[in-house]
Amino acid sequence: MIENLVIVESPAKAKTIEKFLGKDFRVISSFGHIRDLAKKNLGIDVENDFSPVYEIPKEKIKVVNELRKAASEAKIIWIASDEDREGEAIAWHLAGVLKLNPDTPRRIVFHEITKDAISNAIENPRKINMDLVNSQQARRILDRLVGFEISPVLWKKVQPSLSAGRVQSVAVRLIVEREREIISFKPESSYRVTSVFRIDEKDTESSIIRAEASKRFPHGDEAVKFLELCSSAQYTVGSITVKPGTRSPAPPFTTSTLQQEAYRKLGFSVAQTMTVAQKLYEAGKITYMRTDSTNLSKLALAKSREVIIAEYGEKYAKTRQFVTKSKGAQEAHEAIRPAYPDNLSVQGTQNEKKLYELIWKRTIASQMADAIVEKTTIIINMNNSSVTFNATGEIVKFDGFLKVYSESSDLDNHDEEKDLLPPLKTDMPLYYNIVSAVQKFTTPLPRYTEASLVKKLEELGIGRPSTYAPTISTIQHRGYVSKEDRPGEKRQITLYTLDKGKITSAVKNEVAGKEKSKLFPQDIGMIVNDFLIENFPEIVDYNFTAEVEEQFDEIALGKLKWTGMLHKFYGPFHKTIESTLEKKNRKTGVRVLGNHPETGEPVTVRMGRFGPVAQLGNSDDGGKPRFASLTRDQLIETITLEEALRLFILPRSLGILEEAEIVVGKGKFGPYIRYQNKFFSLKKGVDDPYSLTLERAVEIIREKNENEKKKVIKEFDDILLLNGRYGPYLSSNKKNYRIPRGTDLNKLTKEDCISIIEKSEKKTK
DNA sequence: CAGTGAGCGAGCTTCCGCTTGACTT
């Protein structure tokens, strides 16, 4: 029999806490929630005041049995789940499952993991707060109602296995709407004029100043006219303004800001960041990684200060406490920080080291002094134009926190190059070295990355630290959005240069719209999004979560009854479900593109059984329509008639070789030639399936067949020793086997091969 | 691996938020 049993949510936390408590205490973990709404059906008795049907999920039975056993062996049980809505619900479920007397105060909370904080908590236990529990039940039940009533409507009206939810559907909406803004965006161009000035009339190498004209010119001829003025102008320094300023460090990491910075600085995906952080947490190297708080414990503040003074000196230290500003934050944890700030680095994988270093720098920087900067703005006048040239320069007078860390931005602003300016005086003459007018196009808002989507969701108060990564994987999994690269398109820009009184023009290529790891909506995502906006506008409204959260807060304060809140929501909601099921037609996103220019057959695109499909002709008048899948980068919404018609060109027959047909087509894995039931891939950028000739096809087939012959090194009945991309390997019964290192291929016998295959088969079993 | 788009119907899919492994490549 042990005196005290403390139950927390996380096993890593249990381990840490146990160290602080004496031998009278045993600390174990519930691994999060232990009960949930029944997996099958709705799990809610709607008719009976939304009475929930809770069950212990299969994968939790083992933990619960261990908890029960530990509970039976302890005299006093303390429930120390997190101090927020979900934590209170976990406590309540634990009390229920472990059959604890609800009137005995057994609920404790820690704000910090220190001996004092823990013993203080145990001296001040309380009862479970049922208002808080009820607000969690309302949250849980509302999410189940939304998800489990709308999803089946999608199965009937759009496609099977689709899903909708309070969080995921808004995430998809953001991406779809951003894409539509980009689709309808019309880039406009103007000429941006920049100049390099010098201070000496003769010496072109003398101190130089880069400046930009205060005006942009919409057309080339206007830019040229201005350059002509520049050619004959006399320049003087009009004004010099020096403004002192400061810059402050960003707050310590929350889950969301960690995901953003790890993406920007380290190129990690959101899921990758969480996996690496979990490892660091389990090893006791950082604090908990799922948090919305920017708060640092007193201990962390003091330790960081010590480290800063030791590493950089007293004047670099400035203790700060940041206020958490994100909507709906529940602040059950600290910010993400090094568990021991005096550990400047850690052992582990490269990624663990990099992420730790990032967390360390951000935490330490947050406790450092402001940087002091001096920003100088110079205005250069022309004697023959009211247009001025402006130059800015920034000098860091004191680096402060910048010594350690500066936050990255989502917008890649290379424009703001901050040069050091030479010493200047008002009215001083200046001379141009070169003036150039470059055509610049406006760009639409950028597509979301995983990390910038998380940032947006957090701003809207939608989702929680524990769900950002899973939500992003769900919407990709359902096929609503996809993370992709795009090569962009070349476009031409004109530039004019004034050099030694002469104006020349040139045309250059630039690539516009190049994308890397961005979230693109897929057709099914757009169709589902439009269906939801049409039928359930209030659910996918950006403010829906914020509005229900307000009500959950009122329930938590005991001002609102949770069942009443649900009744008010569910009444109209369920009516909409029923009327949508009854009245609305199937939604396929069909678009009529026009008619085939020769045959007059109608061309349509829509979502088919196997994805987006173009259809040529229809079956009404006995005709047999032709179908063709859209390519990955085409959308039902934007495909043109010409593009759709092109889809029907392939597969096409090139001719006959030795009594067999050669067909060229485009498949899942790129363009191919099919001949005698064998496939030959076309090389990207070399051969084009639309213009491929019979001669070239025959060449490709010959080449590949010859390579195939070279591939076979040895042959033992049904076992082949082949030369592959990664070296020699064995092939038998359509399965491949690796050859152990150091094997002499010349001496390899059939028996050796059989033994290699048998060993490999055993391993996989 | 490189396709599919006739129609019927049984049985399944699905939410968000708390926590980690148990899986496979």
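Each chain gets a letter, A, B and so on, in the order the sequences are listed, and its residues count up from 1.
Residue contacts shown for A/Gly611 include a base, since a base heavy atom lies under 4.0 Å away. Residue A/Ser30 is classed as having no contact, given no heavy-atom separation below 4.0 Å to the nucleic acid.
Interatomic distance, CZ of A/Phe50 versus CG of A/Leu42, reported as 9.5 Å (0.5 Å rounding). Remark: A/Leu566 CG to A/Phe573 CZ distance equals 11.5 Å, nearest 0.5 Å.
Note: CZ (A/Arg626) to P (B/dG5) measures 14 Å, nearest angstrom. Rounded to whole angstrom, the span from the CG atom of A/Asn41 across to the P atom of B/dC12 amounts to 11 Å. Atom pair A/His477:NE2 and B/dT13:P shows a separation of 14 Å (rounding to whole Å applied). Taking atom CG on A/Asn677 and atom C1' on B/dG3, their separation rounds to 14 Å, with Å as the unit.
With salt bridges taken as basic N to acidic carboxylate O contacts below 4.0 Å, none links A/Arg26 and A/Glu18. Using a cutoff of 4.0 Å between basic side-chain nitrogens and carboxylate oxygens, A/Asp36 and A/Lys60 are not scored as salt-bridged.
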Task: Per-nucleotide protein contact string for nucleotides 15-25 of chain B, where B marks a base within reach and S marks sugar-phosphate only (heavy atoms under 4.0 Å, - for neither) - done: BBBBBS-----
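The aromatic ring centres of A/Tyr288 and A/Tyr281 sit less than 6.0 Å apart.
No side-chain heavy atom of A/Val605 sits less than 4.5 Å from a side-chain heavy atom of A/Val592.
Residue A/Tyr672 places at least one side-chain N or O closer than 4.0 Å to OP1 or OP2 of B/dG3.
Residue side chain A/Ser629 does not reach the base of B/dG3 through any donor-acceptor N/O pair under 3.5 Å, judged by distance alone.
The A/Phe679 side chain lies nearest to B/dA2 when the options are B/dT13, B/dA2, B/dG5.
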